[in-house]
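Contents: one structure, followed by commentary.
Both counts, for ligands and for their atoms, begin at 1 and track the order of listing.
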Amino acid sequence: MLRIIDLEKNFGAVKALSNASLEMERGEIRALLGANGSGKSTLVKVLSGLNKKDGGRIWLNQEEIEINSPVSSKKYGIAMAYQDMSLIPELSLEENLVLGNEPKEKTAAMSQGRIREYAEKMIRELGIQAAPDTRVKDMDLSNQGLVEVAKAMYTEPILLILDEITASMHRDQVELLFAFLKRESQKGLSILFVSHRFEEVYELCQSATILRGGVSIQDVQLAQTPVNRLIYYMTGEEMKGEHDRAQSEGRSHSRILMEIENLTVEGQVKQISMTVREGEIIGIAGLQGQGQSEFLRALYGACPYQEGRIRIDNADIKIKTPKDAVKAGIGFISGDREKEQIMSVRSVEENLLVVEHAVSRPGSICFPGREKKVAEELVNRLNIITAGTDVLADSLSGGNQQKLAVGRWLGQELKILLLDDPTKGVDVKARSEINKLFCNMTKRGTAILYSSSDNEELLEIAEKICVFYEGRMIKVLSKGEMNGEVLARAMLGVAEEGGHV
Ligand SMILES: Nc1ncnc2c1ncn2[C@@H]1O[C@H](COP(=O)(O)OP(=O)(O)OP(=O)(O)O)[C@@H](O)[C@H]1O
Ligand SMILES: [Mg+2]
């Protein structure tokens, strides 16, 4: 149905794609895999008309096509949900659905009633937690992702491309989305799925194409391909197996670093108390939107709390702004890089040094040569793929931008590091490196509160897991009790005997 041969795309001196090829059948769900910066987004943006190819040929249903613009891509029946989203935050859900989606027939298609009907149907089918008139900026990232899918489906495509749309989605949402996608593929829709979460890839897709450095390396049937083969094709290196994983060490922690008492954020967080010890990694789990994000942001001074007491090193502190938090030795990394993390029109170096600049004393001398060196060291350590430290953060791939958000805290002496999906969109190898760096920070005494939409990641790294439900902390799982099933059950707010907590 779709056939791409030897696609090429350069950005200046950067060869983002060379010899990228891919084939798909009608109704097939195929994964497009590759490390951060391997060219996945570049390839799918050629199909959606955002990138102009420099070479190669594309056929759709036996016919060779030229995709010149997003409009022509849509005309061919190709639709895409973007990694960085294409939604306008100020507009409502239903306004966004039709935005840029020209009506097929000029007359009836745009009627308000029909748009509302479509919006309500998609809200139901995808489990979007919002109303048709909710403004996109009032939704969290994962609901925005679902709206992005609904928007793509509005054009009734024959090929749907999803570029890391599940990266910040929690398990319950992923399940609804996958059920929807499988239904659509049975009706004939072809789906190209980009993700760094292997469990999802195996669950949804039949086949995969793997890119490495802009070249398609291998096509596989997933049922016959174990995950270490996929990683081998992606990286060109054998994975060292389980031992290579970052793992908390289950040390005993004695000294109490922070005490949180009855922290309450109106409507979101209800009377949370927690004791945090030096060097500890505490996981924070829950379905989407159970107060985890607000809890972390309250501790960072990015979300006001109405009640509660925070003590660090036995002294009461008031955290009203992120500046107060940084002064108290608290750091924060969020997976919402668009809104909270990355200054896209600043350089890689500026993005990496922003924390350093914020904490340095006014009037202290800076040495530009030294700063460049610090930035370059971080680029090497995190294997950030970039043309240099002076290029704009905008030109980096999604996962490499996320590494900038992580890198800026690594040199800091922190008491507490708050993490809200810190490795969102980061590939499997870099994710394990980053989690190892976090573990190293705990050896120097830093305590980490780690929230993740990915349960696997929490089970791997946390020493205990606090489960949030409707703003309350309803359960704490100790290392011995932790497994996927117990965690999933706890997240639903269901007590052991089946009653409600
Ligand atoms: N607009 C741009 N200007 C300059 N370089 C770019 C631009 N867009 C992408 N690149 C470069 O092209 C390469 C491929 O990037 P791409 O975004 O396709 O990677 P990706 O496989 O989607 O990675 P990720 O998993 O991190 O999203 C990277 O080296 C990136 O820096
Ligand atoms: Mg990408």
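Relative to the ring axis of F11, K9 places its NZ or CZ within 45° and under 6.0 Å from the centre.
Less than 4.0 angstrom separates some heavy atom of T42 from each of these atoms of ligand 1: 14 (C), 15 (O), 16 (P), 18 (O). Per-residue contacts place G39 under 4.0 angstrom from the following atoms of ligand 1 (heavy atoms of the residue considered): 14 (C), 18 (O), 19 (O), 20 (P), 21 (O). With ligand atoms numbered from 1 in the order given, ligand 1 contributes 29 (O) to contacts under 4.0 Å with heavy atoms of I385. Ligand 1 places these atoms under 4.0 Å from at least one heavy atom of G399: 24 (P), 26 (O), 27 (O). Atoms of ligand 1 lying under 4.0 Å from any heavy atom of A16, numbered from 1 in the order shown and given with element: 12 (O), 13 (C).
Regarding atom 27 (O) of ligand 1, its nearest protein heavy-atom neighbour is Q83 NE2, 3.1 Å. Looking from atom 6 (C) of ligand 1 to the surrounding protein, the closest heavy atom is S395 O, 3.2 Å. Looking only at protein heavy atoms, the nearest one to atom 17 (O) of ligand 1 is S397 CB, 3.3 Å. The protein atom (non-hydrogen) at minimum distance from atom 2 (C) of ligand 1 is F11 CD2, 3.6 Å. Protein heavy atom at the shortest distance from atom 23 (O) of ligand 1 is G37 N, 2.8 Å.
Using a cut-off of 4.0 Å between Lys/Arg side-chain N and Asp/Glu carboxylate O, D219 and R30 are scored as salt-bridged. A salt bridge is absent between E8 and K53: the closest approach of a Lys/Arg side-chain nitrogen to an acidic carboxylate oxygen does not fall below 4.0 angstrom. Comment: E148 does not engage K151 in a salt bridge, judged by the lack of any side-chain N to carboxylate O separation of less than 4.0 angstrom. With salt bridges taken as basic N to acidic carboxylate O contacts below 4.0 Å, one links R171 and E203.
Ligand 1 lies within reach of E164, whose nearest heavy atom is under 4.0 Å from it. At least one heavy atom of A35 sits less than 4.0 Å from an atom of ligand 1. Ligand 1 has H196 within reach: a non-hydrogen atom of the residue lies less than 4.0 Å from it. Note on ligand 1: G34 sits outside its first shell, no heavy atom being nearer than 4.0 Å.
No donor-acceptor pair closer than 3.5 Å links the side chain of Q173 to the backbone N or O of G127. Judged purely by atom type and a 3.5 angstrom limit, R197 uses its side chain to pair as donor or acceptor with the backbone of A167.
For E66, the CD atom sits in a loose shell: 12 or fewer heavy atoms of surrounding residues, nucleotides or ligands are nearer than 6.0 Å. Within a 6.0 Å sphere centred on CZ of R26, other residues, nucleotides and ligands contribute 12 heavy atoms or fewer.
Note on ring orientation: taking the six-membered ring where Trp is involved, the planes of Y450 and F438 are perpendicular (angle over 60°, cut-offs 30° and 60°).
Between the Mg ion (ligand 2) and S397 there is no N/O/S contact shorter than 2.8 Å.
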